[in-house]
Amino acid sequence: MKEKELRRSQAVLPIGTVMKLTKLSARQIRYYEEQELVKPQRNEGNRRMYSLNDIDRLLEIKDYLDEGINMAGIKHIYEEKERKQAEKQAQLQKPLTDADVRRILRDEFMSIGGLSKQSLSFKHNRNF
DNA sequence: TTTCTCACA
DNA sequence: TGTGAGGA
């Protein structure tokens, strides 16, 4: 699943293509970059190159704008998103707490119990 | 031709 | 946010 992520983050689209894909003006696209809502890369000629992820981000921004959210508000949304990401990363570094261990063990038991005839038929019916 | 930066009769 | 200038 990493190959796909790499492709989506490959900056290969010039601003003209992005304009058509997002229906945004070049002015707007550049302005959003100034507001650090998107961070396109630059090629050897100082031209902005966008990735598919950037396209998604721009479309998302457009949606927020339609919902009446201003630049400041959108910035806050992404700040929140980054803050939560940082939290997840930090959580991955920590050793498991007792509560985590208990939760994992419980899930293990549930999984084993899930092999009973009753749940097998349930799974079967659910999938078809 | 397309995109860049800068600035505002 | 639009638009035009002047350059690459």
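All values reported here derive from a predicted model rather than from experimental measurement. Every chain is numbered from 1, with letters handed out A, B, ... down the list of sequences.
In this structure, CG of A:Asn46 is placed 7 Å from P of B:dC4, rounded to the nearest angstrom. The nearest whole Å value for the distance from the CD1 atom in A:Ile15 to the C1' atom in B:dC4 is 9 Å. Protein atom CG of A:Leu13 is 11 Å distant from nucleotide atom P of B:dT3, rounded to whole Å. With rounding to whole Å, A:Asn43 atom CG is found 9 Å from B:dC4 atom P. Rounded to a whole Å, the CD atom of A:Glu34 is 13 Å from the P atom of B:dC4. A:Met19 has its CE atom 11 Å from the C1' atom of B:dT2, to the nearest Å. Atom CD1 in A:Ile61 sits about 15 Å away from atom C1' in C:dT1, given to the nearest Å.
The shortest distance between side-chain heavy atoms of A:Ile61 and A:Val38 falls below 4.5 Å.
Pairing for B:dC4 is with C:dG6, a Watson-Crick or G-U wobble pair whose two hydrogen-bonding atom distances lie under 3.5 Å. Pairing for B:dA9 is absent, judged as Watson-Crick or G-U wobble with the two contacts each under 3.5 Å.
A residue-by-residue look at A:Gly16 and A:Arg27 shows that A:Gly16 has its nearest nucleotide of DNA chain B further toward the 5' end. Residue whose closest nucleotide on DNA chain C sits further toward the 5' end, between A:Tyr31 and A:Arg47: A:Tyr31.
Between A:Arg48 and B:dT3 there is no side-chain polar atom (N or O) within less than 4.0 angstrom of OP1 or OP2. For A:Tyr50, no side-chain nitrogen or oxygen approaches OP1 or OP2 of B:dT3 to under 4.0 Å.
The hydrophobic cluster containing A:Met49 does not contain A:Leu24, counting ILVMFWY residues as joined when their side-chain heavy atoms lie under 4.5 angstrom apart, directly or transitively.
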| task | List the steps, then state whether side-chain contact (heavy atoms from CB on, under 4.5 Å) holds for A:Leu65 with A:Ile74. | result | CA-CA 8 Å; A:Leu65 254 30; A:Ile74 297 177; 3.2 Å; yes
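By the 4.0 Å N-to-carboxylate-O rule, A:Arg103 lies too far from A:Glu108 to be salt-bridged with it. Look at A:Glu34 and A:Lys39 and you find no salt bridge, because none of the NZ, NE, NH1 or NH2 atoms lies under 4.0 Å from a carboxylate O.
A donor and an acceptor atom never sit less than 3.5 Å apart when one is taken from the side chain of A:Arg30 and the other from the base of B:dT5.
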